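As structure tokens, the structure follows; a few thoughts come after it.
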Amino acid sequence: MRSSQLVFRTRREVPQDAEAASHQLLVRGGYIRRLASGVYSFLPLGYLLLERISAIVSEEFRNAEGNQVLLPALHPTEIWAATGRLAKMADVLFRVESKAGSFVLGPTHEEAVIEAIAPDLASYRDLPAMVYQLQTKFRDEPRARFGLMRTREFIMADGYTFDADQEGMRIAYMKVYRAYQRMFERLGLLAVPVEADAGSIGGDVNHEFMVASAIGEDHFAECANCGYRANIEAAVAGEFSVAEVPEIDGVTVYSTPGAPGVEIAIRALKEQGALVDDSAMLKCMVAVDDRGEPAILLIPGERTLKVPGGYTLAGEEIFGEGSIFCKGYVGPVGMRERGVKILADPSIRARAWWATGNNVDGEHVVGVRIDRDFSVDDYRNLIVVEEGDPCPRCSAQLHLVRAVEVGHTFQLGLTYSSVLPHASFVDPEGARQPYWMGCYGVGVTRLPAVIAEQFIGEGATAVAWPVEVAPFEVAVVAAGRSAQAADAAERLYQELLARGLRVLLEDRGLSFGNAMGDLELIGPPFVVIAGAKVAAEGVVEVRDRLLGTVEQVALGSCGDRVEELRKAAVPIRR
RNA sequence: CGGGAAGUGGCGCAGCUUGGUAGCGCACCUGCUUUGGGAGCAGGGGGUCGCGGGUUCAAAUCCCGCCUUCCCGACCA
């Protein structure tokens, strides 16, 4: 393509509403333009980039035997009501009321794909099967973020597998899992699969593919020793070593009026001469289960609570008049006898005694021991892991990494097929059986931002895209005004095109500085410059922007050399 | 939804404290000179100052209400 034909304009100034480096680069380079918060247009250059990324994603889904489809964005409300997700995902659903009826703009397509495909998968002979699409999703996000990183309208590649049994589902899952690893490598991303929480999609086994990045909205825990990796939501800590604590024998009650909360209570207890250390407080949170039964959740006072599945934290009303729970002074002692279930994080065993609320306003107790003063009904993982916590597999120290989720794979099992009767097939005995399903997502329009973060230069004024995703693999530019340079550039452009490369000829007659400034934003990994030495010595300059190397090459061998460099280029950096 | 910041030609900003008919840089248009790292000179076009109301002889500027955008948090595939 000739730059004079490309509709785009770069800008020098940093856009006022762009904080993230990738966002600045994409706006300055003229890849995208914001229409509303979390709603972006892809301009011609941005579309070329997106087209490349989409092609790679699509190819890898096909390598996993996916059949491409295109499902509607407009879903009749009924199909969402049928799975209960109309209510469950109400917060993110865009709703449309029209004379044609009531619709939801699809945020994901489990329901829609079953409606579309189930009639063609009526027999066990039709299984296994996989379909996928690249399609626009709509989610009414509470907050859009970092340009393309989190938007309200975005393209996702979503795949769905249908199998006759669990074993088949697992095989399909592994096939996609491996396709994802190839896909992200081609995209220039070091994506690591981590164990994750299934969220509102549902199902059992699932992995998130995470890329360490400054624009990450998530963290995952990683063990350098054994390779354990899990999203912070799903990560669990191993066994903590037992803490050294002061010798205390009995239980002592202290009067601590006006001291709710861990830190104030510790201070109040110290003032009274209690032998408490800063880690002595047991945090006791009141939660209710799905049936509305109350429970107490116990964690070390310095830790953050992770509310377990099936429970929600109790609201203020639980502390009302006549309640057995005393706000700010809740403790486990005697609660079981009053019919309150006690759940505890295993880490509370790593200490001989605790200080805790005495279930009386203005009173704490010190020296409370598990099994002597109270019993735990159930040990569950209730704490959010922190840097340095022991690994659950090998007890080495966990490390937290800020990261972006670029893909997510789920073994759904029978989650959807059990509630949608037509999501089923007839087995060899003639009996109707539900599909064993898997679903797989890749955040396609997020990828330009994530890739840019990895390949961007200082000050967000330059990028060198990985060869497979680059809108142009190589750019040709003439330096100076000589006719020889312009001729050489034109001939090289034709030659590189003929070799099947994606080539940009800079033909706008810009000064050299302007031309190079723009090229740095357009991001070709290779640039060929035809300057004064073409006429004098018959050589051009070839730059490898990924490696940062520059070489002088004879005009006649330039095409060969560029192709060599192109083939030798490795997608992943760092 | 809570906290913070900001809305002035296409983009980035000044002007607001102390009301008096809107300015700078970039970009754009014309001409000439330039062209191996973001050129120079001369001339030119373009703005409901986010929206609505109020105060005033007079509002970008003061007052009230609303909207939008970005950042942190909550939430999230």
Side-chain angles (χ1 to χ4, degrees), chain A residues 8-20 23-24 27-28 30 33-39 85 88-93 106-110 137-147 149-152 154-159 196-203 206-210 215-218 231-233 304 307 313 404-410 412 439-446 459 461-462 477-482 485-486 489 506 508-521 527-536 539-541 543 550 552:
Chain A
F8 85 119
R9 169 163 293 146
T10 58
R11 44 212 81 239
R12 285 185 203 177
E13 270 129 359
V14 179
Q16 173 251 309
D17 60 358
E19 190 92 347
H23 189 191
Q24 292 181 7
V27 172
R28 292 172 77 162
R33 180 164 291 129
R34 192 179 63 75
L35 181 62
S37 179
V39 182
R85 292 209 296 181
K88 194 177 176 190
M89 293 185 72
D91 282 356
V92 300
L93 294 179
T108 175
H109 282 64
E110 285 78 14
K137 310 291 183 216
F138 297 86
R139 296 190 187 174
D140 195 356
E141 291 292 341
R143 184 180 160 203
R145 232 195 277 255
F146 300 141
M149 185 53 214
R150 178 163 296 271
T151 54
R152 299 199 164 87
F154 61 99
I155 295 173
M156 180 190 253
D158 46 328
D197 189 71
S200 58
I201 297 291
N206 75 98
H207 291 87
E208 284 179 346
F209 286 74
M210 308 282 272
I215 56 170
E217 301 177 297
D218 278 308
N231 185 290
I232 188 106
E233 303 289 327
T304 304
V307 181
L313 272 187
V404 174
E405 178 189 356
V406 289
H408 206 153
T409 54
F410 301 84
L412 295 174
C439 81
Y440 315 90
V442 175
V444 174
T445 39
R446 167 182 287 189
T461 56
V477 57
R481 286 248 128 168
S482 75
E506 178 48 70
R508 291 174 295 174
L510 299 179
S511 70
F512 186 68
N514 281 312
M516 291 307 290
D518 276 4
L519 284 180
E520 274 153 20
L521 288 165
V527 177
V528 178
I529 301 163
K533 287 188 180 167
V534 170
V539 298
V540 294
E541 180 177 313
R543 296 189 186 181
V550 179
Q552 305 294 322

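Worth saying up front: this structure is predicted, and the values here are computed from it rather than measured. All chains are named by letter (A, B, ...) in the order of the sequence lines, taking the proteins before the strands, and each is independently numbered beginning at 1.
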If we call it a pair only when both distances are under 3.5 Å in a Watson-Crick or G-U wobble match, what pairs with G36(B)? none
pair_partner(C24(B)), Watson-Crick or wobble, both distances < 3.5 Å, evaluates to G12(B)
Rounded to whole Å, please give me the gap between CD in Glu208(A) and C1' in C76(B). 11 Å
With hydrogens left out and only the distance checked, is there a donor-acceptor pair under 3.5 Å joining Glu520(A)'s side chain and the base of G38(B)? no
Does a distance-only test, which skips hydrogens and angles, find a donor-acceptor pair under 3.5 Å between the side chain of Asn514(A) and the base of G37(B)? no
Using Watson-Crick or G-U wobble geometry with both distances below 3.5 Å, tell me the partner of C51(B), or none. G65(B)
Applying the Watson-Crick and G-U wobble criteria at under 3.5 Å, what pairs with G46(B)? Answer none if nothing qualifies. none
Tell which nucleotide pairs with G31(B), taking only Watson-Crick or G-U wobble pairs whose two distances are both under 3.5 angstrom. C41(B)
Identify all pairs in which a protein N or O lies below 3.5 Å from an N or O of nucleotides 8-13 of chain B, and state each distance.
unit_1, atom_1, unit_2, atom_2, d
C11(B), O2, Glu13(A), OE1, 3.0
G12(B), OP1, Gln16(A), N, 3.0

Ring centres under 6.0 angstrom apart (His207(A), Phe209(A)): no
For A59(B), what is the paired nucleotide under Watson-Crick or G-U wobble rules, both distances under 3.5 Å? none
Check whether any side-chain nitrogen or oxygen of Arg150(A) sits under 4.0 Å from OP1 or OP2 of C75(B), and answer yes or no. no
Once hydrogens and angles are ignored, does a donor-acceptor distance under 3.5 Å link the base of A77(B) to the side chain of Arg139(A)? yes
Pull out every protein N or O sitting under 3.5 Å from an N or O of nucleotides 31-36 of chain B, one pair per line with the distance.
unit_1, atom_1, unit_2, atom_2, d
U35(B), N3, Arg481(A), NE, 3.0
U35(B), N3, Arg481(A), NH2, 3.1
U35(B), O4, Arg481(A), NE, 2.9
U35(B), O4, Arg481(A), NH1, 2.1
U35(B), O4, Arg481(A), NH2, 3.0
G36(B), O6, Gly531(A), N, 2.9
G36(B), N1, Glu541(A), OE1, 3.3
G36(B), N2, Glu541(A), OE1, 2.5
G36(B), N2, Glu541(A), OE2, 3.3

